[in-house]
Amino acid sequence: MAYLEMMEFWHWLVFGLLLLVAEIFVAGAILIWFGVAALLVGVLAFAVPALMWMPSLVLWAALSLVLVFGWQQYRKKNPAKIAAPAMNRRGEQYVGRHFTLSHDIVNGVGELHVDDTRWKIVSHHDLPAGSKVKVIAVEGTSLRVEEFIS
């Protein structure tokens, strides 16, 4: 109890920073809000030196709850957008695009160079090199193409 009575603003700031550092090692984004609340109480304790330890503790608990539940409500209303939805499904980004064949499609199978990758392509029809094709689907590691008539 004697320690709590001697708490100063910098104790709250150090406590807040320790909680923020702990957030790095603990998944879940929960300690960050307790740390932010402690930092806010530290700033308030600096601005109001006469702030006693018990109101500080109550204020920290209240701020922590408000920040945690406020963040949860914000995330419910604003779900995270996926930055790269097709990151591990690279071929899907080519569906609908048009390409010119550099090699013949023989017996329904050929290859297509797209950017820096060589793709196996399959088609219902044989096509000569120089034909324009449109990617219509991804089948495993192959691209399904059809002749593109403009």
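Start at 1 with the first residue, then count along the sequence.
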K.L.:
If you count heavy atoms of other groups shown closer than 6.0 angstrom to CZ of Arg118, is the number above 12?
P.N.:
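At most 12 heavy atoms, drawn from other residues, nucleotides or ligands, come within 6.0 Å of this atom.
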K.L.:
With a 4.5 Å heavy-atom cut-off, do Val68 and Ile30 have their side chains touching?
P.N.:
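They are in side-chain contact.
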K.L.:
First locate atom CG of Asn107, then atom OG of Ser123, and finally report the distance between them rounded to the nearest 0.5 Å.
P.N.:
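The distance works out to 11.5 Å.
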K.L.:
I need the minimum non-hydrogen distance between Phe15 and Ala38, along with the two atoms involved.
P.N.:
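Shortest heavy-atom contact: CD2-CB, 3.7 Å.
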K.L.:
Side chains of Tyr94 and Asp115, heavy atoms from C-beta outward: is any pair under 4.5 Å?
P.N.:
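With C-beta onward as the side chain, the pair touches.
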K.L.:
Judged by atom type as modelled, is there a donor-acceptor pair below 3.5 Å linking the side chain of Trp53 to the main-chain atoms of Glu8?
P.N.:
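No, Trp53 side chain to Glu8 backbone: no donor-acceptor pair under 3.5 Å.
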K.L.:
Using 30° and 60° as the class limits, which term best fits the ring planes of Phe148 and His98: parallel, tilted or perpendicular?
P.N.:
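Perpendicular: the ring planes of Phe148 and His98 meet at over 60°.
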K.L.:
In chain order, what residues pass the salt bridge (Lys or Arg N to Asp or Glu O under 4.0 Å) check against Asp116, with sequence neighbours excluded?
P.N.:
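Partners of Asp116 by the salt bridge (Lys or Arg N to Asp or Glu O under 4.0 Å) criterion, ordered by chain and then number, come out as Arg90.
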K.L.:
Got a salt bridge between Glu139 and Arg144, using NZ or NE/NH1/NH2 to carboxylate O under 4.0 Å?
P.N.:
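Between Arg144 and Glu139 there is a salt bridge, with a charged N closer than 4.0 Å to a carboxylate O.
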K.L.:
A side-chain contact here means heavy atoms from C-beta on lying under 4.5 Å apart; do Val145 and Ile105 qualify?
P.N.:
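Heavy-atom side-chain distance check passes, below 4.5 Å.
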K.L.:
Using the side chain to side chain contact (heavy atoms under 4.5 Å, CB included) rule, take Leu101 and Leu127 through it: C-alpha gap first, then chi angles, then the decisive distance, then the call.
P.N.:
CA-CA 8 Å; Leu101 292 176; Leu127 297 169; 3.8 Å; yes
K.L.:
Is there a chain of hydrophobic side chains (I, L, V, M, F, W, Y, each step under 4.5 Å between heavy atoms) that links Leu57 to Leu18?
P.N.:
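Linked, Leu57 and Leu18 end up in one cluster.
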K.L.:
What are the two closest non-hydrogen atoms of Ala22 and Leu31, and how far apart are they?
P.N.:
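Reported closest heavy-atom pair: CB-CD1, 3.8 Å.
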K.L.:
Say whether, by atom type as modelled, one donor and one acceptor occur between the side chain of Ser56 and the main chain of Met52 under 3.5 angstrom.
P.N.:
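Answer holds: yes.
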K.L.:
Within the structure provided, determine whether His103 and Glu111 are in side-chain contact (heavy-atom separation under 4.5 Å).
P.N.:
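Yes, side chains in contact.
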K.L.:
Are any of the side-chain heavy atoms of Val41 and Leu63 separated by less than 4.5 Å?
P.N.:
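A side-chain contact exists here, since the closest heavy-atom pair is under 4.5 Å.
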K.L.:
Is there a continuous path of hydrophobic side-chain contacts, each under 4.5 Å between heavy atoms, that joins Val58 to Leu40?
P.N.:
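Per the 4.5 Å side-chain linkage, Val58 and Leu40 are not co-clustered.
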K.L.:
Less than 4.5 Å apart, side chain to side chain, heavy atoms only: is that true for Phe99 and Val114?
P.N.:
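Side chain of Phe99 against side chain of Val114, heavy atoms only: contact under 4.5 Å found.
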K.L.:
Taking the side chain as every heavy atom from C-beta outward, state whether Leu51 and Leu44 have any pair of such atoms under 4.5 Å apart.
P.N.:
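With C-beta onward as the side chain, the pair touches.
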K.L.:
Kindly say whether the aromatic ring centers of Tyr74 and Trp71 come within a distance under 6.0 Å.
P.N.:
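Tyr74 vs Trp71: aromatic centres under 6.0 Å.
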K.L.:
Are Val66 and Phe69 grouped together when hydrophobic residues (ILVMFWY) are joined by side-chain heavy atoms under 4.5 angstrom apart?
P.N.:
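Each belongs to a different hydrophobic cluster.
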K.L.:
Would you say Leu67 ends up clustered with Val26 if hydrophobic residues are merged whenever their side chains have heavy atoms under 4.5 Å apart, either directly or through other cluster members?
P.N.:
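Hydrophobic grouping puts Val26 with Leu67.
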K.L.:
Do Trp10 and Phe46 have their ring centres less than 6.0 Å from each other?
P.N.:
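No.
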K.L.:
If you measure from CG on Leu65 to CH2 on Trp33, what distance do you get to the nearest 0.5 Å?
P.N.:
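Going from the CG atom of Leu65 to the CH2 atom of Trp33 covers 14.0 Å.
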K.L.:
Which distance, rounded to the nearest 0.5 Å, do you find between the CG of Leu39 and the CG of Leu20?
P.N.:
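If we round to the nearest 0.5 Å, Leu39:CG and Leu20:CG are 5.5 Å apart.
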K.L.:
Within the structure provided, determine whether Ser142 and Trp119 are in side-chain contact (heavy-atom separation under 4.5 Å).
P.N.:
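A side-chain contact is absent here, since even the closest heavy-atom pair is not under 4.5 Å.
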K.L.:
If two hydrophobic side chains count as joined below 4.5 Å and joins carry through other members, does Leu59 share a cluster with Val36?
P.N.:
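Yes, same cluster.
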K.L.:
State the CG-OG distance between Asp126 and Ser131, to the nearest 0.5 angstrom.
P.N.:
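Here the rounded value is 10.5 Å.
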K.L.:
To the closest 0.5 Å, what do you measure between CD (Glu147) and NZ (Lys132)?
P.N.:
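Taking CD in Glu147 and NZ in Lys132, the distance rounds to 11.5 Å.
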K.L.:
Would you check, one step at a time, whether the test side chain to side chain contact (heavy atoms under 4.5 Å, CB included) holds for Ile121 with Val133?
P.N.:
CA-CA 10 Å; Ile121 56 174; Val133 294; 5.5 Å; no
K.L.:
From Lys134 NZ over to Arg97 CZ, what is the distance, rounded to the nearest 0.5 angstrom?
P.N.:
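The CZ atom of Arg97 is 13.0 Å from NZ of Lys134, to the nearest 0.5 Å.
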